[in-house]
> 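The structure is given below, and queries will be raised subsequently.
Lettering of chains follows the sequences in order, A, B, ..., and the numbering in each one begins at 1. As a basis for the values below, the full set of heavy atoms in this structure was taken, side chains included, without hydrogen atoms, waters or symmetry mates. Just so you know, these numbers come straight off a predicted model, no measurement behind them.
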2 protein chains.
Amino acid sequence: MLVVEECMTAQSTTPERKVRKRDADATRGRILAAAKTEFAKLGLAGARVDEIAERAGSNKRMIYHYFGGKEALFCAVLEEVYLDIRNAERALELDALPPRDAMERLVRFTWDYYLANPEFITLVNSANLHKGKHLEGADRLKLRQREFVDMVQRILDRGVESGVFRAGIDPIQLNITIAAIGYYYLTNRHTGGILFQRDYMGDAALEARLAFNIDTILRLISSED
Amino acid sequence: MLVVEECMTAQSTTPERKVRKRDADATRGRILAAAKTEFAKLGLAGARVDEIAERAGSNKRMIYHYFGGKEALFCAVLEEVYLDIRNAERALELDALPPRDAMERLVRFTWDYYLANPEFITLVNSANLHKGKHLEGADRLKLRQREFVDMVQRILDRGVESGVFRAGIDPIQLNITIAAIGYYYLTNRHTGGILFQRDYMGDAALEARLAFNIDTILRLISSED
DNA sequence: CTTAAGTAACTAACTGGTGCGTTACTTAAC
DNA sequence: GTTAAGTAACGCACCAGTTAGTTACTTAAG
């Protein structure tokens, strides 16, 4: 009710105020993690700011304090998950491997990463539903992306030089294809499982799909059969 | 078309009440079409029932009358768009083509269909965000899906028999891969355009991608280079 | 008359965002 | 070292605008 009950009892009234030890970075981090989970599960429109606050063990006010609003929080989540995957790819150090091994390792890694981080896929889908506008300001990410394409280009060049790959393959098209064959299978795992009516996410099915993907990519780039 | 025939000034009392000529099927169809557009653009949670009603030139009560609710309407939209694509594939009559031509035609068709019907992709993404539960009752669709897989199997068999395809290719894996390489490119066109920083949806880019996709599939299934 | 199609007004619950006060920590003057 | 002033972190309660779903009613059609 709107009954005004102030003025009196100025001090010492508020009985059960839970106060957390202060740690700005930790709170910010918990909010970001909770937002990642929530946005991944329900999308931007479906996610609830109250729910994110509660999951974070914080409150709504802090979300607005640290991030400015729901959409800005979504931007922060998106940039984080994209940087995470690009950093993980970089950590593979594929330049140190023979070209064929490097490529197979990249296909395997991409698949494993999607499988271990399903939020990434749904978050990217949500970003694209909103025409990518939440990613437009992420300049650091664009740089990382370019570095990644360059790395794939180097692998291709080494493979052509050593005769195992054919020449003229566009690293971006290859990149997109490597991502596509894993991403599609996993992003559509629910509708796929229903429509194809066969084991879709069991160990055997996942193993078979990965093998098919590796085969697809190697046949695409190999210089001979 | 959406011609609205108003019964002008029927009784002089309520001055501006627009009354539509009665046509249950047409109204149902307009609601379904409006819902398709709206769900595709904003997702299940982002779509607004009021907006769908307005776009349909109808009102909210009719949505509850014909479909029962927002989620049931989403189910109806989903089943419709899936049946549409499966019917279009069937209409290709690929059984009448030589196996290599049939496969190339299927890759082209899949790409063209996604390009011409971008709602299909975002609707499928939304369905999967909700774990596919809105598709579970669509039994007619499961049958169509199986027929489609069988057709791809027949093409593969004919190709093996005539020596142009290698043996042992799983039609479902192939199917998924054909869809994947087109779907991924288009569903992630916004983030892809931003991150790769090059022409992504221009005519030249689309043509190049289609060519790459055809090449990928033919290399995957061909018996020789 | 009866039935089904159609419409507008309504409501209860929700939701993103804020106002405003409180508490912990830092800093600097004395 | 003590303390007062300043600042950032935090929390509760609330609002104003939505939103899915409903009720009550009107009207076309057979």
Side-chain angles (χ1 to χ4, degrees), chain A residues 1-32 34-35 38-39 42-75 130, chain B residues 2 4-32 34-35 38-39 42-75 134:
Chain A
M1 295 279 177
L2 302 184
V3 180
V4 188
E5 35 118 27
E6 72 246 52
C7 292
M8 46 175 56
T9 72
Q11 283 129 311
S12 76
T13 34
T14 52
E16 302 281 341
R17 194 182 178 99
K18 279 171 272 177
V19 177
R20 187 186 304 279
K21 239 189 163 167
R22 298 195 167 192
D23 189 336
D25 284 351
T27 300
R28 219 191 99 104
R30 284 200 316 279
I31 290 173
L32 204 58
E38 197 71 0
F39 284 135
L42 298 163
L44 174 55
R48 298 291 165 244
V49 177
D50 283 297
E51 181 63 27
I52 293 170
E54 197 179 342
R55 282 185 99 98
S58 183
N59 64 75
K60 216 169 13 169
R61 201 71 192 77
M62 289 296 95
I63 291 176
Y64 289 86
H65 179 64
Y66 286 119
F67 296 96
K70 191 187 190 186
E71 301 231 345
L73 178 57
F74 186 70
C75 292
H130 298 280
Chain B
L2 301 182
V4 178
E5 302 170 55
E6 303 178 11
C7 192
M8 38 181 62
T9 65
Q11 223 70 3
S12 81
T13 36
T14 51
E16 302 285 342
R17 193 186 178 98
K18 279 174 272 179
V19 177
R20 185 186 308 280
K21 213 149 197 200
R22 297 188 170 195
D23 189 337
D25 284 351
T27 300
R28 218 192 101 102
R30 285 200 317 278
I31 290 172
L32 204 58
E38 196 71 1
F39 284 135
L42 298 162
L44 175 55
R48 297 293 164 243
V49 176
D50 282 298
E51 181 65 26
I52 293 171
E54 197 179 344
R55 281 184 100 97
S58 183
N59 64 77
K60 215 167 16 167
R61 185 65 187 82
M62 290 295 96
I63 290 176
Y64 289 87
H65 183 253
Y66 287 119
F67 297 95
K70 192 188 189 186
E71 302 230 346
L73 178 57
F74 186 69
C75 292
H134 303 94

> Which residues in residues 64-74 of chain A have a heavy atom closer than 4.0 Å to any atom of DNA chain D?
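Contacting residues: A:His65, A:Tyr66.
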> Return the minimal non-hydrogen interatomic distance between B:Asn59 and B:Ala53, and the atom names on each side.
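Looks like C-CB, 3.4 Å.
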> In whole angstrom, give the distance that lies between atom CD of B:Glu54 and atom C1' of C:dA8.
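After rounding, the reported distance stands at 14 Å.
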> Is B:Lys60 side chain donor-acceptor paired with the D:dA20 base, going by distance under 3.5 Å alone?
yes
> Send over the distance from B:Glu51 CD to D:dT19 P, rounded to a whole Å.
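Spelled out: CD on B:Glu51 to P on D:dT19 is 10 Å.
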> Just how far, in rounded Å, is P of C:dA24 from CE of A:Met62?
14 Å
> Heavy atoms from C-beta onward define the side chain here; which of C:dA8, D:dT19, D:dG11 lies closest to that of B:Arg48?
D:dT19
> I need the full list of ring pair (Phe, Tyr, Trp, His ring centres under 6.0 Å) pairs touching residues 44-71 of chain A, with sequence neighbours left out, sorted by first then second residue.
none
> Please work out if A:Ala47 contacts a base, only the sugar-phosphate, or nothing of the nucleic acid, heavy-atom cut-off 4.0 Å.
sugar-phosphate
> Can you sort out the partners of A:Lys70 under salt bridge (Lys or Arg N to Asp or Glu O under 4.0 Å), two or more places apart, ordered by chain and number?
none
> Applying side chain to side chain contact (heavy atoms under 4.5 Å, CB included), name anything that partners B:Ala34, two or more places apart in sequence or on another chain.
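Applying side chain to side chain contact (heavy atoms under 4.5 Å, CB included) to B:Ala34 gives B:Ile52, B:Arg55, B:Ala56.
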> Hey, does B:Ala45 reach any base, or is it just sugar-phosphate, or nothing, if we go heavy atoms under 4.0 Å?
nothing
> Please give, in whole Å, the distance from C:dA4 P to B:Arg28 CZ?
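Going from B:Arg28 (CZ) to C:dA4 (P), I get 17 Å.
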> Quickly work out the A:Asp50 CG to D:dC15 P distance and round it to whole Å.
16 Å
> Measure the spacing between CD of B:Glu38 and CD of B:Glu54 and express it to the nearest 0.5 Å.
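Separation between the atoms: 10.0 Å.
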> State which residues pass side-chain hydrogen bond (donor to acceptor under 3.5 Å, both in side chains) with B:Glu71; sequence neighbours excluded, sorted by chain then number.
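Testing B:Glu71 for side-chain hydrogen bond (donor to acceptor under 3.5 Å, both in side chains), a comparison that skips the adjacent residues, returns B:His134.
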> Whole angstroms only, please: what is the CD1-P distance between A:Ile52 and C:dG17?
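So the two atoms are 11 Å apart, to the nearest Å.
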> With A:Ala26, which residues qualify under side chain to side chain contact (heavy atoms under 4.5 Å, CB included), at least two apart?
A:Asp23, A:Arg30
> Nearest to the B:Arg61 side chain among C:dT7, C:dG19, D:dA20, which nucleotide is it?
C:dT7
> Return the nearest nucleotide to the side chain of B:Asn59; candidates are C:dG16, C:dG6, D:dC10.
C:dG6
> Indicate whether OP1 or OP2 belonging to D:dC10 is found under 4.0 Å from a side-chain N or O atom of A:Thr27.
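Yes, within the criterion.
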